[in-house]
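Below is one structure, written out as structure tokens; the observations come after it.
Convention: sequence-line order gives letters A, B, ...; per-chain numbering from 1.
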Amino acid sequence: MSYLEYNTKRMPAGLAKVLYLNWPLVALLIAVGCYGFVMLYSIAGGSLYPWADPQMKRFAFGLGVMFIVAFIPLWFWRSIAGLGYVVAVLLLLGVEFFGSVGMGAKRWLELGPFRLQPSELAKITTVMALAAYYDWLDLKKVSHPFWVVLAAVIALLPALLVLRQPDLGTALLVALGGGVVIFAAGVHWGYFAALIGSGVALVTTVMSSRGTDWQLLKDYQFRRIDAFLDPSLDPLGAGYHINQSMIALGSGGWSGRGFMEGTQARLNFLPEKHTDFIFTTLAEEFGFVGASSLLVLYLMLIAVCLLTALRTTNRFAALMVMGIVGTFFLYFAVNMAMVMGLAPVVGVPLPLVSYGGSAMVVIMVGFGLVQSAHIHRARLPS
Amino acid sequence: MKRSEREQEFSRRVISRRGLFLGALQVGVAGTLFWRLHDMQLNQSEQFHLLAEENRINLRLLPPTRGLILDRNGILLAGNEQNYRVVIKRDDAGDIDLVLERLSRLIPLSQEDIERARRDMLRNRPFVPVTVAERLSWEEISRVASNAPALPGVTPEMGLSRYYPLHEDTAHVVGYVGPVSERDLEALEAPDPVLMIPRFQIGKSGVERMQEDRLRGRAGSQRVEVNSVGRVMRELDRVEGTPGGNVHMTLDARLQNYTLERLHGQSAAAVVLDVESGDILALASGPSFDPNLFVRGISSTDFNGLLENQYRPLVNKTVQGMYPPGSTFKMVTALAALEAGVTDGQERVFCPGHMDVSGNRFHCWKRGGHGRVDLVSALSESCDVYMYEMAQRCGIERINAMSTRLGLGIRYDLPITSVAGGLNPTREWKRNNRNSEWRIGDTVNASIGQGFVLTTPLQLAVMTARLASNKAILPRLVRDPAERAIQEAASLDLRPEWLRMIRRGMSDTVNDRRGTAYSSRVVAEDQLMAGKTGTSQVFSITRAERDAGVRRQEDLPWNRRNHGLFVNFAPIDAPRIAVAVVVEHGGGGSSAAAPIGRDITLAALNNGVPPLSAYPAPQRNRIHSEQQEMLERLRKPEDMRISRA
């Protein structure tokens, strides 16, 4: 897509763009954000500090960023997708080499007054780059092995760099977000079937080799895998958090223990209760009603975005929106599965609800891109 | 790339298809989450709710305050004091050695303390707090508190701990407490959960142990909300426990102190009884030990010192020590003879200094003999031959019966540990235990409290009190607060004329110029006493020793000298107290025991250090200097706190 493709007469311009925003999406975002404010207020023991107030400011800032991103024409984002991807990879390499020197924590880069977490950036840029790649690629070559491998490399390079930090959760999101775009672009089912099949086979082979003559991993490595898969084997170590989380969640019941009455959270039995485990606190205090309503809100967000993707005729826009939505879905699905004891503990926050600035802004940028795709969608002649 | 309409249409179709597939997948995953949420929050909610409550609520036992032990005037014998201590938790401390090293620079810690703390920590689970140091001063505890950041896992704590303000005075009677041991728990059928409280103290000996149920009280409980590291956030509710009941002893703390000090430097025992009620006013066994050492956990050096001391400080000689009563037994033989009617008491028996009984010669302590003696002079001059004669006339059974009647050979039911019963030897006993038949010589030996006869100082005091009161009084150590009036003891039913003769003999022992305890007489008219000396042989002097010139007790090694005994009651006309003194290996009753008996008697009658006027004039100078020396050691009145309880 180039500027020339742009049917300027049919595109909203200037302040008129405000009218063409996807307002239901904005409303849903604010609704989800409010869940976060309420919970952060509760966890702090009925105080705006230290979490709720900064979170609200960041959320407002994030909304602003989203509007700016939304009003910038889509072709701009299309043309800087490649550049963004390269910058993100370079920053990740920067973390690799300078991050530890500067901060001790390897995820951050100190850039003047800003602290940048390049892995967050990589989630968006990888999706954008792949969407642009498939927009550029001849449709006939989509399933050609060479081009498939190239796409896989584009997705896995930043993922591996993030994994080295090490940040398993984010690496997973980057890789899977890329995977969603590749899948949506129409790469042949066979590749995915083969990937899943070989993955299952590999795991089966490794696990069944245990205790035989041809054991593929050392015993202690198997034990680590056991502990990772089943935290209850180590109730005072890794499993402690999950057990406490499940206790909190289950004790919520139908309508919860009431606002600010969650004993597990207030008495510090929950780890990371304002970040990764905030869903547990929600479920404890507001019960099934509160927890499932948030889940429904998330699904509505996804549905609204998917609708945008399906309504646009622009291949880049559709693929990018699907990638962003897919990443967003993975975000909360992995987080919820983790606190409910369905998935191993990987550090993934609950999007828009967990306390944290970097992730929030990146998510807002993502939704800004969705909005941009919505405003600047190539409309079919009516 | 510019695409044709057809290509665009194809792209849209593919994307729609894949997008719908992804959407369906997401709905599927979300459904799983939804189902899980439903299952946990609605189906298993109660179970999780319970777990959360268990997490949150901690039931804590509140240790009850242990009851006080008081003397008859309310002076505190055992109380509770604030105790600042420092505990350490292994899993919070990290580097134990480093923390202990830092701690030892703030508070005095011996190498032994450090070793013990380390050992306790390794033995217990890592989150169990271990006491490193106790009984710290306020300054020391503040130093620890203000250096808390450098001492991870170290917490200053405050609690109540048992304290014995009179130290060694009542160690053998009151006993001491100590931490609950495995053995303590095994001995109990259903141990009170309060015993599981770390550092809870349980009675280990003496009244502390025997009256444990009364002293302990009942634990209260407290339900507290705790956070994940176990820190108490708030109290939910609280059931106050019942503090332990106080125990009122019959002891007189001041007399007890005087008595124990009077035994200073000797291995000895003394008992003071109230002749009417049987109240034990003093029960002293010297040397004693400081029970506070045991509460704190005695060091092995201190403990070995107590164990190896040949004067055996850990033994309560008043009730545990069994001694041949020697001549103090002669009242028993004399009364047995009177009751049997084998003599009228006026009859005179000739004492040539020895008596031959079935081929064996039994000597009187007076080699030259007493000449003709009646019952009274046989007692006052302690003639052995008279008793040999009477014993043969009435037989061992009658002597035993009288002995039992006077309270010997009986194990008294006192709330203290290891009360011994003594021994009234019978024919059957000898057959069973010595594997030989009773001989007449055994009866002859028993008549003067030698041979197989064994008594405890307490029994001798009971005997004396019974002779003084003609009542079957029983010794009492604890006053039951529920018991209003003292139960009147049953009469002994001894004929007054017999008792008159016996008391006359005892009076002459002390007050007659020829009496064996004349040098220990009292001159104050209203405090005159009557008594009986006794000297019991531990080993016979061998022929070889006699040939080598050993005549005097002082020439023998300490542990082969005779025991010195003395029993007495006073005042003669209206007896109030009975006293028994045993000085182990003291040499002789009149020289070693009688002066002690007199001093204790006078102290009891005068409620304090006896006035010099009570003593015979020639002795006053010596007594005065003895008293001055003793005053240094006696506990000051201000050290004896009257408890308000």
Side-chain angles (χ1 to χ4, degrees), chain A residues 1-2 5 134-139 142 180 183-186 240 243-244 246-254 256-257 262-264 266-271 283-284 287-288 291-292 295-296 298-299 302-303 306 309-310 312-313 315 318-319 321-322 325-326 329 332-333 336-337 340-342, chain B residues 1-57 91 126-127 225-234:
Chain A
M1 186 173 83
S2 73
E5 270 181 73
Y134 280 111
D135 189 31
W136 163 82
L137 191 66
D138 191 337
L139 287 179
V142 164
V180 168
F183 178 79
Y240 177 81
N243 283 336
Q244 294 300 338
M246 285 171 66
I247 288 172
L249 219 138
S251 67
W254 172 254
R257 293 178 157 237
T263 57
Q264 289 281 100
R266 204 159 44 73
L267 300 174
N268 279 329
F269 285 100
L270 286 181
E284 186 187 17
F288 182 68
S292 59
L295 187 54
V296 168
Y298 275 135
L299 288 179
I302 301 260
L306 267 182
L310 295 180
T312 182
T313 54
R315 187 170 162 81
L319 289 177
V321 170
M322 277 194 203
V325 164
F329 174 81
F332 74 78
M336 287 182 184
M340 287 189 235
L342 288 176
Chain B
M1 149 178 283
K2 188 78 186 154
R3 290 199 172 85
S4 67
E5 285 286 323
R6 237 192 74 233
E7 274 182 328
Q8 280 193 14
E9 189 52 38
F10 172 74
S11 161
R12 267 172 55 79
R13 276 220 319 279
V14 169
I15 290 175
S16 298
R17 224 167 35 222
R18 295 280 168 110
L20 285 174
F21 178 82
L22 279 175
L25 199 67
Q26 289 172 358
V27 169
V29 172
T32 311
L33 293 176
F34 200 80
W35 162 80
R36 174 75 168 179
L37 204 57
H38 182 273
D39 186 48
M40 284 175 71
Q41 295 203 288
L42 300 183
N43 300 345
Q44 304 179 45
S45 168
E46 263 178 48
Q47 190 184 328
F48 283 116
H49 197 88
L50 209 70
L51 286 171
E53 288 295 298
E54 273 175 25
N55 250 345
R56 177 171 83 97
I57 292 170
D91 61 353
F127 52 83
E225 192 173 86
V226 294
N227 71 2
S228 57
V229 292
R231 175 161 301 156
V232 176
M233 304 306 278
R234 65 185 167 131

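Considering CZ of A:R257 and NE2 of B:H49, their distance stands at 4.0 Å, rounded to 0.5 Å. Atom CG of A:L319 sits about 7.0 Å away from atom OG of B:S11, to the nearest 0.5 Å. Atom CD in B:Q44 sits 12.0 Å away from atom OG in A:S251 (nearest 0.5 Å). Distance check: B:Q26 CD to A:F332 CZ gives 7.5 Å after rounding to the nearest 0.5 Å.
Within the 4.5 angstrom heavy-atom criterion, only side-chain atoms of A:L306, from C-beta onward, approach chain B. For a residue to count as touching a neighbouring chain, one of its non-hydrogen atoms must lie under 4.5 Å from one of that chain's; by this rule A:V142 does not touch chain B. When heavy atoms are compared at a cutoff of 4.5 Å, A:A248 does not approach chain B at all. For chain B, the nearby parts of A:M336 are the backbone and the side chain; heavy atoms of each come within less than 4.5 Å. Both the backbone and the side chain of B:L37 come within less than 4.5 Å of a heavy atom of chain A. Neither the backbone nor the side chain of A:Y298 comes within contact range of chain B, judged by heavy atoms closer than 4.5 Å.
At most 12 heavy atoms of other shown residues, nucleotides or ligands fall within 6.0 angstrom of atom CD in B:E46.
Using a 4.5 Å heavy-atom threshold, the side chains of A:L249 and B:F48 count as separate. Counting only heavy atoms from C-beta outward, the side chains of A:D138 and B:E7 approach each other to under 4.5 Å. A heavy-atom distance below 4.5 Å is found between the side chains of B:L33 and A:L342.
Taking every heavy atom of both residues into account, B:R12 and A:T312 meet most closely at NH1-O, 3.3 Å. Contact between A:G253 and B:S45 at its shortest, heavy atoms only, is CA-OG, 3.4 Å. Nearest heavy-atom pair across B:R36 and A:M340 is NH2-O, 2.7 Å. Closest approach of B:V29 and A:A333 over heavy atoms only: CG1-CB, 4.2 Å. A pairwise comparison of heavy atoms in A:L310 and B:I15 identifies CD2-O, 4.3 Å as the closest pair. In plain terms, the two heavy atoms of B:V14 and A:A184 that are nearest each other are CG1-O, 4.1 Å.
In terms of heavy-atom pairs under 4.5 Å with chain B, the best-connected choice from A:A303, A:A291, A:A309 is A:A291.
Using the six-membered ring where Trp is involved, B:F21 and A:F183 have ring planes that are tilted, between 30° and 60° apart.
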